[in-house]
Structure formats: structure tokens, C-alpha cells
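First comes the structure, then the notes that go with it.
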Protein chains: 2
Amino acid sequence: MIEGVRSVTTIKDVAQHAGVSTATVSRVLNGHAAPTPETRTRVLAAVEELGYRPNALARSLRTTSTKTLGLVISDLVNPFFAEIARAVEEEARAHGYCVIVANADESADQLLTYVRTLLDRRVDGLLVCPATDDPSWLAEVEQRGVPLVLLDRTVPDASCPVVRADGAQALADLAEALKAAGHQRVGVIAGPPDTSTGRERLEQFARGGLDLRVVHGDFRRESGARAAAELLDAPDRPTALVAMDNLMGLGALEELRRRGLTVPADVGLAVYDDQPWFPLLDPPITVIAQPTVEMGHAAARSLLALVAGEQPADVQLTARLVVRGSCGEATGAA
Amino acid sequence: MIEGVRSVTTIKDVAQHAGVSTATVSRVLNGHAAPTPETRTRVLAAVEELGYRPNALARSLRTTSTKTLGLVISDLVNPFFAEIARAVEEEARAHGYCVIVANADESADQLLTYVRTLLDRRVDGLLVCPATDDPSWLAEVEQRGVPLVLLDRTVPDASCPVVRADGAQALADLAEALKAAGHQRVGVIAGPPDTSTGRERLEQFARGGLDLRVVHGDFRRESGARAAAELLDAPDRPTALVAMDNLMGLGALEELRRRGLTVPADVGLAVYDDQPWFPLLDPPITVIAQPTVEMGHAAARSLLALVAGEQPADVQLTARLVVRGSCGEATGAA
DNA sequence: CGATCACGTGGTATCGATTACAGGGGCGTA
DNA sequence: TACGCCCCTGTAATCGATACCACGTGATCG
């Protein structure tokens, strides 16, 4: 398996083959000015014949535009983020942009590394779901003057557009639904206190007037199981659990199953973030659903606007409560 | 919000600031040769002070190496591929490589587009999960002489390393398990006939000696529901369904639920690809589990070996049957 | 009929890095 | 003291494209 000669067809080869200058080839390829239809066809023929494809690196170096957006998400295997990534990519592609997806794995270090890598590659814009509040990476982005949009989560003093889903009302509704079903002591499997979503969801839910026990997880599956275990082992066990993220919800479910506890008879359950399989469980899980696809689309649009020199406003979508059954029935008592 | 001056710190600025030539700066940054410790520190100080970061585009243009791998997957929201993507990226990162993930959305057109885009950006190697058998994109990759490794699926005449999971034994085991549980007429929700995995899984399962009804889906959720509906509406309804992919399995489950059919009492079910939530269903779903993480790691390793000029062999991992309960109990009768 | 204009085209500088080559200074050795 | 070698450094070519500028030619207008 001798490696074929690496095809090094450059614009120069095309020019030579077509009997024109490289400048002309470039003009034809970029639809610039107006080369004669005849030269145009000659050049295109040469391109075709040689199978020429322009070197995007060289082009970007010269034009300082890569037609590429960077997307840093906190966890690729979290379906919530996977869906967002897909939506972002879809919207970007529709506008002729390509997306580089980087996976920070909920680690601040890796986030910084990736932000740097993406900046080094001169992405035209950056979309970030911050892993933590740590804003050290922000300075680098701002210094380089690269358009930035935050997605899902915020960081303390970011002066850039933010796209998120507001769950305040949904969380209030959830609190009401829990009360209506007779729950008072509720165990919360919260997100990390150093993430905006972790804090906010907890805070907003806390306004619901329930008696909360809180354990913080890290938005991942194992932490959900651990947190559930801790809450269930407490002396006055909560009558319901609320997981503030779908993966932690999954972990909690696993723990409940391990203990042979029935939902909602033994303990109620609600989860932030809907998943297609939640309705399939018995009972189907009550959730707070976020408009992930819209979030992704909106974020990409905002970033592209920013890249184009506009000043997009923040986007605030709304999450909504979907009552299914895992919290129990509302008792007749008001 | 006046946009700050886009920081254009180049190697020239660093050189000037440190009172050396650009060549020296480059040498320091690349650990080349041996600049005096003193100049070295002076250069590094300048780098630090100016917050200089090399332009990866320019560097790659010159060195013809991007330290980047391209990964084209068929569907980012399919957790199977998401997990593979994560594993690939993890392994690549450990070797100092960055991964550009492209999502073909099970479309051959989009796959071709992305392969081109990635080649244009001069990735050092390409990892592809082909959406279909259509091998038109292959020629372009080979012509450019870019190292290529196929992942999960094959295409007809690819002369490159392939990393996959062999499910022949698992499918045979599944057939046995179904028979043992008293199933004879089995409905198969197969993958597209123009994908290697679609064909192979069906073919291998067909060797199990069951009476099969086959409907082809497209590896996505909706098609799973449609196929299930079709199979269940047939005059002699199968007593069990087998979905050859987790998303189609999800769709099938939804359809069963819609019809109020109980698993496994009314109809048995098994799915190819395990998912963390399958054990949580009642009854838990019997699956064929693939070693996704290992596949991703192996694929990245193979590609990196190829990039390094070695000749990695094909990797054949094995999928295995995990019997849970959704196919019913084995009856005493042999 | 001569001057001007416009258009198509080629030459060449440039983007920001790497690297081959050449030169200068210090040191060791004869 | 003089020669030579080696090490460090700078100069400049180069990667592959784009874009500014200038030039030649054919058309137009006065």
C-alpha cells in the first residue's frame, strides 16, 4: 500500500494549466470582478481536470476569515448539549459556516485549553457553554476581539450576548405541583454552585416555599446517584426528589431502582431537561423541558449577527413544566 | 460596546519587543536548536507580556501539518455516535491532536460536503462513519492522500483500516434467546440496506433460523416507530420485535406504548446498542451492547498510527448480548 | 481622428509563521 | 598568535492563496 503522491495541486498548477495567472484563477473562483466567460470556462475546466480544491488555510490566512465558528460545550454525551450542538451546526451551515465542536467535559481547565485552541485557529466567532463561573478564559477572548456568545450558562461579568432558557416559572409551577401532590420535604439534586444554571435553578425553586434538602452534583450521572443516595439516607427522608439536569436524573433513577423504591409511591421524582425516553418509564417522568433546538438556532444566529457587526440582544427562551406522573396525583385538598 | 482593537500580535511584534529576529522567536517556541538561556527567557517574557499566541493557520500552511483529525459521524444526536465522538476526541487529545466533529445527519450529500470541507482545511487524518455505501467521497480522500480510517461501517471497496464491532455471535445468541422464550415469528426493524451495518446485522440475525418479517428504517427514531407499526399491523403479527439500532428501538417502544401493548407479554423486544436508560424500563430491555468507548479509542489510535506512517491492522471488537427481560422468560421446553 | 475610459489581466506584495543558509563571535588548539 | 570549528543568530525564501496596482487593448466620445 504505497501511499500515492500527495496531491499538491495548487492554484499555480491551475493557472499554468489554463494559461492564465493565479490572480485570474482566484478571481474566477471567488466570483470576483468579471473575467471573460471564455477564460472563466477555461479556468473552471482546468480546476475540474486537476481536481483542484483551494487550501482553506492559505485562504484564511490571507483573508483573516475562516468561515468557522467554535462551539465549546460542557459535555458531549449529555443529550441536552448534543442536541444543542446539532442545532448550532445546522444553523451555521445554512449560513455557510462550519462549526468546530469542542468538548470541555465539565472541566474549567479543558475549557480554557479549547478556547485557546479555537482562537489559535482563528475561528470567526465563539459559542461557549461555560463549565464553571471561572472567567479567566474570557479575558483571552476579549483581548483577541473575537465575537462571543454565551449559551445556556452565564459567567459573572460577561459583556456579551447570552442565549438561555428561563425556568423560573416552570420551577414555580413544579413547586406548586409537588405541593398539590402532597409533598413538603423535597430533596434537590442541584447542579454545581459555581455554575449559573446550578445556582439559578436552585434559587428559583427555593422560592417555591417547600422544605428543601439540597445536595450538589456535577451535572453528571454518577453524581446524581450519589446525591440521591445521600438524600434518601437522611433521617427525615424527602418524599420527592428533583434532579436539576437529565443526567443526574438518570443517576437518581438508577439509585431508586437499586433500592427497589417505587415512583411515585415511595418517592416522587421530577427532572430538569426532557428526554425522549422519560415518557416511556412507568410512571412517565415529570420534567421541565427546555427548547434546546431553538436555543441552538438562536445562539448561532446571535453569533453570526455579532460576526457581521450587529449588536444582537440577549435571547431569553422559556422552559416549561410537563407534568407526567412521577410526582404523584394532586390530592383533592387545595 | 466599541469593539476593541483586534489584537494582531504577531511573531514580528514579539521579535521586536524582545530585540531578536522572528527566526529566534520561532526557535524558542518550538524548542528547536538551542538559543541561549538568556535570549530564551527574554523571548518568553515578551511572549508573556504581549499575550502572544501563534497563528495556527500560518503555522500549518508552512508545516503542512494541522495536528487536527476530522471525524465525520452519521448522527450527532444518536448517543451511540456521541459517545464514540467523545472517545475519539479524548484519545486524540491525549496525543496532542484536536478533532473537528462533523455531523452528516445520515445524508450522503452532507457527508461528501463535510469530507471536502475537512480536506480543504487540511486535516492530518480522517475518521468516517459512512452514511451509506455510496463511495464517491472515497476517491477524493484517496486522491489527496489523506490517511483514512472507517469507523463502525464499511464501504464496498475501501482499502483502509476499519474499526468495528462484530455482532455475529451476539445476534446468534439473541436468536437463541428468542427461540428459548418461545418466539418464532420475529419482526426486524432493520437499518438501511445501503449501509454495511444495516445489511450485516440483518444477514447475521437471519442465520438464526427464525421466521423473520423485515422492515427497513433509517437508524432514526421516527422510522423505528413507523416500522414497528407496519410490523404490528401485519396479518400474522410477530411475537417479538428486534430493532437494529437504539434510536429505532426508542421509536418502536413509543409505538408499543401508543398501542398499549405490554412488553414482553404482548410482544417481545430487543435492541441493538445499549443505552443507560434501557435497564430502567419495565421490563428492562434486552440489548446487544457495543463497546463504544473502545471503538472510539481504537479508531483514533489507528488513525494516528496511519498518520505516523505505520500500517495499523483492522480492529474487530465484539458486541455482546445482554439479556434483561424484554424478550420474556425462557420456557422450560428446549 | 485623437484622447479617454473601462475592462480584463498579470505582476507582485502580503498574510504569519518555519527553516535553509550564511555570517559573526567566542573558544580551543597548535 | 593564528587558524578553525561550533554555536547562536539574522536574512530571506517559502507555504498557497488574495488583492492592490499598473498596463494594454478595444470601445466610446468629442
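All heavy atoms count here, side chains included; hydrogens, waters and symmetry mates do not. Every chain is numbered from 1, with letters handed out A, B, ... down the list of sequences.
Scanning for side-chain contact (heavy atoms from CB on, under 4.5 Å) contacts around Leu44(A) gives Val28(A), Leu29(A), Arg40(A), with sequence neighbours left out. Taking Asp134(B) as the reference, nothing meets the salt bridge (charged side-chain N to carboxylate O under 4.0 Å, His left out) condition, with sequence neighbours excluded. With sequence neighbours left out, Asp13(B) forms a salt bridge (charged side-chain N to carboxylate O under 4.0 Å, His left out) with no residue at all. With sequence neighbours excluded, no residue satisfies salt bridge (charged side-chain N to carboxylate O under 4.0 Å, His left out) with Arg59(B). With sequence neighbours excluded, no residue forms a salt bridge (charged side-chain N to carboxylate O under 4.0 Å, His left out) with Arg62(A). Annotation: side-chain contact (heavy atoms from CB on, under 4.5 Å) contacts of Leu304(B) (sequence neighbours excluded): Leu69(B), His95(B), Tyr97(B). For Ala305(A), the side-chain contact (heavy atoms from CB on, under 4.5 Å) partners two or more places apart in sequence, or in a different chain, are Glu310(A), Pro312(A).
An angle of 50°, rounded to 10°, separates the two end axes of the helix from dC1(C)-dG30(D) to dA30(C)-dT1(D), each defined over five pairs.
Considering only side-chain N and O atoms, Thr36(B) lies nowhere under 4.0 angstrom from the phosphate OP1 or OP2 of dC8(D).
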Q) Base, backbone or nothing for each nucleotide of nucleotides 17-26 of chain D, written B, S, -, heavy atoms under 4.0 angstrom, 5' to 3'? A) BBBB------
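Using a 4.0 Å cut-off between a side-chain N of Lys or Arg and a carboxylate O of Asp or Glu, Asp120(B) and Arg144(B) qualify as a salt bridge.
The residue Ser60(B) sits apart from the nucleic acid: no heavy atom pair falls under 4.0 Å.
Taking for each of Leu61(A) and Ser21(B) the nucleotide of DNA chain D with the nearest heavy atom, the 5'-most of the two is the partner of Ser21(B).
In this structure, CD of Glu38(A) is placed 13 Å from C1' of dT9(C), rounded to the nearest angstrom.
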Please list, for nucleotides 24-26 of chain C, all pairs of protein and nucleotide N/O atoms separated by less than 3.5 Å.
none

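Here side-chain hydrogen bond (donor to acceptor under 3.5 Å, both in side chains) pairs that include residues 68-77 of chain A, with residues two or more places apart or in two chains, are Thr68(A)-Arg121(B). The salt bridge (charged side-chain N to carboxylate O under 4.0 Å, His left out) pairs that include a residue from residues 93-104 of chain B are Glu89(B)-Arg93(B), where partners are two or more places apart or lie in different chains.
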